[in-house]
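Each remark here refers to the structure printed beneath this line.
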2 protein chains.
Amino acid sequence: MSTKNWKDLAAAKKAHQQTTIPRQWIIANPPPKDQLDVSALPESYGVLSAKDVEITNSQVDVLLAKLADGTWSAMDVTTAFSKRAIIAHQLTNCLTEIFIERALERAARLDEYFKKTGKTMGPLHGLPISLKDQINIKGVESTMGYVSWIGRYTSKNSVLADILESLGAVLYVKTNIPQTLMWPETFNNIFGRTTNPYNRSLTSGGSSGGEGALVALKGSPLGVGSDIGGSVRIPSAFCGIYGLRPSYNRIPYAGCVNSMQGQDSLPSVLGPMSNSLAGIKTFVRAVVGAQPWLKDPLAVRKPWSEDEYALVEHGGGKGLCFAVMWDDGIIRPHPPVIRGLEETKTALRLAGHRVIDWKPLKHDEIVNVVDDIWGAGAAQDYQTDTAISGEPVIGTMLPTPETPGRDETPTFRPLSKGVSAYELWQVQKKRRELRQEYLDHWLGTEKVTGTGRPVDAIICPVAPFVAPPHGMNKTADYTIVWNGLDYSSLVIPVSKVDQALDARKPRHTFYNDADKANYELYDPITYKNAPISVQLVGKTLEEEAVIAMSEIVDKALKAHSPVVRSQL
Amino acid sequence: MSTKNWKDLAAAKKAHQQTTIPRQWIIANPPPKDQLDVSALPESYGVLSAKDVEITNSQVDVLLAKLADGTWSAMDVTTAFSKRAIIAHQLTNCLTEIFIERALERAARLDEYFKKTGKTMGPLHGLPISLKDQINIKGVESTMGYVSWIGRYTSKNSVLADILESLGAVLYVKTNIPQTLMWPETFNNIFGRTTNPYNRSLTSGGSSGGEGALVALKGSPLGVGSDIGGSVRIPSAFCGIYGLRPSYNRIPYAGCVNSMQGQDSLPSVLGPMSNSLAGIKTFVRAVVGAQPWLKDPLAVRKPWSEDEYALVEHGGGKGLCFAVMWDDGIIRPHPPVIRGLEETKTALRLAGHRVIDWKPLKHDEIVNVVDDIWGAGAAQDYQTDTAISGEPVIGTMLPTPETPGRDETPTFRPLSKGVSAYELWQVQKKRRELRQEYLDHWLGTEKVTGTGRPVDAIICPVAPFVAPPHGMNKTADYTIVWNGLDYSSLVIPVSKVDQALDARKPRHTFYNDADKANYELYDPITYKNAPISVQLVGKTLEEEAVIAMSEIVDKALKAHSPVVRSQL
C-alpha cells in the first residue's frame with residue numbers, strides 16, 4: 001500500500017458509513033459549527049415521536065420493566081434509540097458501525113418470542129446496548145480506527161456480545177475511539193473526531209468518547225466502553241454520565257480487538273456507561289450472572305454477591321466513612337472539580353456519613369510504573385498496525401494543523417524503542433510492591449475513621465479538569481493510578497460549570513511546570529457547561545460494594561445539592 | 001566476593017544448620033547410603049514415643065479435633081512432628097531452616113490460651129505446618145538455595161505465614177528446594193540434595209521436593225509448596241502424597257521470595273501438600289476463609305463456596321463423567337503410570353461414574369508458549385542472583401560429576417539472552433488464544449458425556465514416569481500444561497511400583513527422540529517402590545470442586561483397588 005492510498009481508503013470507509021444511516025433520520029438543518037451546546041437538540045428535529053422521547057428519556061430499569069410487562073415492544077424501544085443515536089451522531093460524530101436494520105430484525109424476533117411465550121428472552125430483553133468499536137460483533141467490521149483494519153468483518157461474536165444477546169439485548173451501533181485507544185480524547189484517521197455534546201469545542205474524552213457523547217445525548221440507555229487508564233471514566237466524567245471501571249477480568253474481554261494485545265500485566269477492562277446507576281448495576285449483575293468464566297478463560301469465577309451489594313463488609317451502609325482526595329500532589333484540579341468534591345462532601349455529611357481527607361501515597365511512582373509497562377512495547381505495537389497502510393501514528397489531538405503532527409508533550413505516544421522482557425519484569429516487580437504499600441496504607445486508616453473499619457471508599461477527581469478543549473487533555477493520572485492498583489472505580493456526575501460558582505482562583509506556587517500550565521488553562525468561559533463529576537474508588541473486585549456506595553453518594557447529592565449549592 | 005568464597009559461605013551455612021538440630025534427636029545409627037527404602041524407619045529409632053507415633057500417624061482432621069477437645073496439647077503435637085521432621089531430614093535431607101525452640105514456645109502459648117479460655121486460637125489451633133524455603137517467616141532466613149542470599153533474615157511474615165499463625169498454626173521448619181526453584185528435582189549449592197523416602201536413588205521431585213519427602217515421612221501433617229510448572233504436584237506424586245495446585249492468586253503469595261519476580265503473566269502459586277485430602281481441604285478453606293484479599297493486593301476476592309464444594313455445578317457429584325488422558329502425544333508414560341490411570345478408571349466405574357477418553361489439544365504448543373514466557377528473561381534473572389557470590393547456575397541435577405556442570409538437555413535452564421517486551425507480548429497473545437481454544441474444546445465435550453454437562457474433570461498423569469533417578473527428570477510437560485491454562489489440579493496417590501504388575505512393555509514406534517529415550521529408561525527394578533499417582537484437573541478457580549471430586553476418586557480407589565488389582 002502506498003502512503004497516498006491510506007487517505008482514500010479512510011475516505012471510502014467514512015463515505016460508506018454515511019450509506020448505513022437511514023435517510024429519513026438525516027437532519028435537514030443541523031446546527032452551525034459554532035453552536036456549542038447541542039445537548040437539548042435531539043428532541044427538537046421532529047424525528048423523535050412523543051413516544052420515542054418518552055422511551056429515550058427513561059432509565060434502564062424503567063425500560064426493562066416496561067419491555068417485560070409489554071407496555072413497550074422491543075421494536076418501539078429499538079426504533080426510538082436508533083433514531084436518537086443517529087441524531088446524536090450528526091451532532092457529535094460519535095458512531096463508527098451502524099447496523100440498525102439488523103437490530104430491528106432482532107427486535108422483531110424478540111417481540112415474536114414475547115408474544116408467543118409471554119416471557120422475556122432474559123433480563124436484558126429488548127434493551128438496546130451500544131458497544132465501543134473494539135467489541136466484536138459477528139458480521140460487523142472492527143477497524144478500531146486503523147486504516148489497515150478496514151474490511152475486518154468478524155466471524156464470531158466477542159464473549160460479551162454473545163452474553164448480551166443471550167440475555168435479550170439488542171445491538172445496533174458501535175462507537176468512536178482514538179487510534180490505538182491509548183489517548184483520553186477521541187479522534188482517528190477514519191472516523192474523525194467526537195465532540196462534547198455540552199460544548200462542542202471541548203473533547204468528549206476518550207478512549208470511549210463515542211460512548212460518552214452517545215449516552216449523554218440519550219442515543220443509548222447503556223453503553224460498553226473499555227478502560228486501561230481511564231477510558232471509561234474520563235468520557236463518562238466529561239459527558240456527565242455514570243461509568244464503571246471494574247477490576248481486571250470481572251467482565252469478559254475475550255474476542256475483542258485491542259492494541260498492545262498480550263500485555264497481560266495491566267489489562268484493559270470492559271465497563272458499563274449509562275445515564276443512571278440502575279444501568280450500571282443492571283449490566284454488571286446480568287453479565288456476571290451469565291457465568292462469563294464458562295466462556296472466557298480469563299474471566300474471574302466470582303458470582304454477583306448480594307451480601308457485598310448490601311455492604312455487609314461496610315457496616316450495612318450506615319454511617320460510612322468516605323475519604324476525599326482533593327489533589328494528587330502532581331497537578332491540582334481546576335475550581336469546578338474542587339467544587340464537585342466539596343458538594344459531595346457536604347451532601348454526604350448531611351446524609352449522616354463521615355468524610356475525612358485522603359492522603360495520596362506515591363501516585364507519581366504508580367503512574368510512572370504504569371507508563372513504563374505500557375511503554376515497554378507500545379511504540380512497536382502502534383507502528384506495526386499503522387505501517388501496513390502507511391497512515392501515520394497520530395501524535396496530537398489538536399484540531400490544527402489539519403494533518404495532525406506530533407504533540408510537543410507526547411504523553412500518550414511513547415517514543416521508546418521498548419525494553420527487554422527482563423527489564424519489564426523489574427518494573428512489574430516494583431509495581432507489585434507499590435500495590436502492597438497502597439493496600440497497607442488504606443488498611444491503616446482504620447485508626448482514624450472512627451467506624452472500626454478502614455475508609456469505606458475514596459472520593460476523588462476523575463481528572464484535574466472538566467472536559468478540556470480538543471487536544472488539551474494532557475494527563476490521565478487521576479484515573480491511571482487506580483488501573484495500576486486495580487481498584488474498582490465509578491464516576492458520578494455532580495454538576496456543570498457555572499461562571500458564577502467556578503471563577504478562577506489566584507494561585508502563586510505550583511508543584512511543577514505541568515501544574516502551572518494546567519492552572520493557566522482554566523477560565524470558566526472556555527469550559528462553559530462542562531459536566532462536573534467525582535470518582536468513587538473501592539478495592540479490587542469490590543464492584544458490588546462500589547455500586548452500592550455510589551448509590552448512596554448519588555442519592556445524597558440529589559437530596560442535598562440544591563441546599564448545598566445555595567450555601568456556596 | 002571471589003569465586004572461591006561461595007563454597008565456604010555455603011559450607012558455613014550448612015554447618016550452621018547442623019547446630020539448629022536438637023542433639024537428642026540425632027540418629028546414632030543412620031541407614032547406610034545404599035539402603036534405598038527408608039519410609040518405615042522413622043518409628044524404629046526409639047526417638048518417637050508411642051504417643052508421638054500415634055500423633056504423627058494421624059491426619060489433619062483428627063489432629064485438629066484432638067487439639068480442639070484437649071486430648072492432645074499443642075506442645076504434644078509440635079514435639080511429635082518436630083522429632084519426626086528431624087528424623088526425616090537425616091534420612092532424606094529435606095529441611096533448610098529449623099526453628100523448633102521457637103515453635104515449642106509458640107505451642108506453649110497456645111496451650112496457655114486454651115487452658116485459660118477453653119477455646120482454640122482458630123481453626124488451625126496447634127497444627128504444625130511446614131513451609132517451603134521461599135515463604136518468609138519473620139526472623140528466619142530465606143536463602144532459597146542462593147549463596148548470595150545467605151544472611152537474609154526477613155523482618156516481616158509473608159501474608160500466608162501471618163494468616164496461618166493468626167489461625168493458630170505452629171511453624172517449625174522450612175524445606176528444601178532447587179536453586180532458582182525452576183527444576184523438578186531438589187538440589188542446591190547450600191543444602192544439597194533431597195532424596196525420595198521410598199527409594200533414595202530416586203528424586204523426591206521438585207521444586208517443593210523437601211516438602212514431598214518430609215510429608216511422606218510424616219514429619220509434617222501439612223506443608224505448603226509452590227507451583228509454577230508442577231512444583232507442588234511433581235514432588236507430591238513422586239513421594240506418594242496429596243498436593244493441590246490452586247489457580248493464580250487463590251492463596252496469598254505476597255511477601256514470599258522467588259526467582260523471576262515481576263513475571264506476572266504466568267505466576268507461581270502456593271498450594272498445600274498433605275498425606276490426606278482432609279489436610280488439603282482444611283488448608284484451602286481456612287486460608288481463603290481468612291479473607292487474604294484484605295492483606296495481599298493480588299489475592300482473588302472469592303470466598304470459599306460450600307455450593308461449589310457440594311458440586312452443584314456437577315450434578316451434585318452423582319454420576320460424574322471423568323475423562324482420562326492416557327498420553328499427551330509428546331512423551332508416552334511408563335507402564336506404572338498407565339496402571340495408575342487404569343486402576344482409577346476401573347475404580348470410578350465401579351463407583352458408578354462414567355469414564356471417557358480425553359483428547360489433548362495442542363499440548364506441545366501450550367508448553368512451548370509457557371517455556372517462551374519464562375525464557376523471555378529467566379537467564380538474566382538467574383545470572384543476576386548467582387553473580388553476586390560467584391556460585392554457578394546449576395545446569396544439571398545428575399549426582400556426578402560432583403561439581404555439576406551443564407546438562408546436555410538444559411530444558412530447565414534457558415540459555416537465551418531473553419527477548420524484548422514486545423516479543424514477550426506476542427507470545428502472551430498466542431497463549432491467550434490457546435487458553436480460549438482449550439476452554440472451547442472442554443465445553444465441546446458436552447455432546448459426548450451423556451450427562452448434559454461437559455466433562456466434569458480430567459484425570460491424567462503427573463509425569464510420564466514415576467520418580468526417576470536423580471538428574472533424570474527431563475520433562476514437566478504433564479504439569480506445565482495446566483499452569484499455562486491456569487487449571488486447578490490435584491495429585492492423588494494410587495499405588496506403588498510392583499515388579500509383577502509393572503513390567504516393561506515392548507514398543508516399536510515413538511513420537512520423537514525424547515519419547516524413545518524415555519521409553520528406554522524404564523525398568524521396574526530401577527523404579528522399585530516408587531509411588532504411582534494421578535492428577536485430577538478442573539477449571540480455573542474451581543478449587544472447591546476439584547477437592548470434592550478428588551475425594552470421590554480417592555474414596556473409589558480405596559474401596560475398589562484391591563478388587564481391581566486382583567483382576568490385573
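Lettering follows sequence order; numbering is per chain, from 1. What you see below is based on every heavy atom in this structure, not just the backbone, and it leaves out hydrogens, waters and symmetry mates.
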Checking A299(A) against chain B: side chain, backbone, both or neither under 4.5 Å from a heavy atom? neither

For chain B, find which of L485(A), V427(A), L298(A), I373(A) contributes the most heavy-atom pairs closer than 4.5 angstrom. L298(A)

Of all of A376(B), P297(B), A378(B), which one pairs up most often with chain A through heavy atoms under 4.5 Å apart? P297(B)

With 3.5 angstrom as the limit, list the donor-acceptor pairs from chain A to chain B, or say none if there aren't any.
from, atom 1, to, atom 2, distance (Å)
G262(A), O, Q428(B), NE2, 2.5
D264(A), OD2, S265(B), OG, 3.0
S265(A), OG, D264(B), OD2, 3.0
K295(A), O, Q436(B), NE2, 2.8
P297(A), O, R435(B), NH2, 3.3
R301(A), NH1, E313(B), OE1, 3.2
R301(A), NH1, E313(B), OE2, 3.0
E313(A), OE1, R301(B), NH1, 3.2
E313(A), OE2, R301(B), NH1, 3.0
T384(A), OG1, Y422(B), OH, 3.2
V419(A), O, A421(B), N, 2.8
A421(A), N, V419(B), O, 2.8
Y422(A), OH, T384(B), OG1, 3.2
Q428(A), NE2, G262(B), O, 2.5
R435(A), NH2, P297(B), O, 3.3
Q436(A), NE2, K295(B), O, 2.9

Between L439(A) and chain B, with a heavy-atom cut-off of 4.5 Å, which part of the residue counts as in contact: side chain, backbone, both or neither? side chain

Write down the atom of L443(A), the atom of L294(B), and the distance for their closest heavy-atom approach. CD1-O, 2.7 Å

Under 4.5 Å, counting heavy-atom pairs only, tell me which of P454(B), P303(B), A254(B), G262(B) racks up the most with chain A. G262(B)

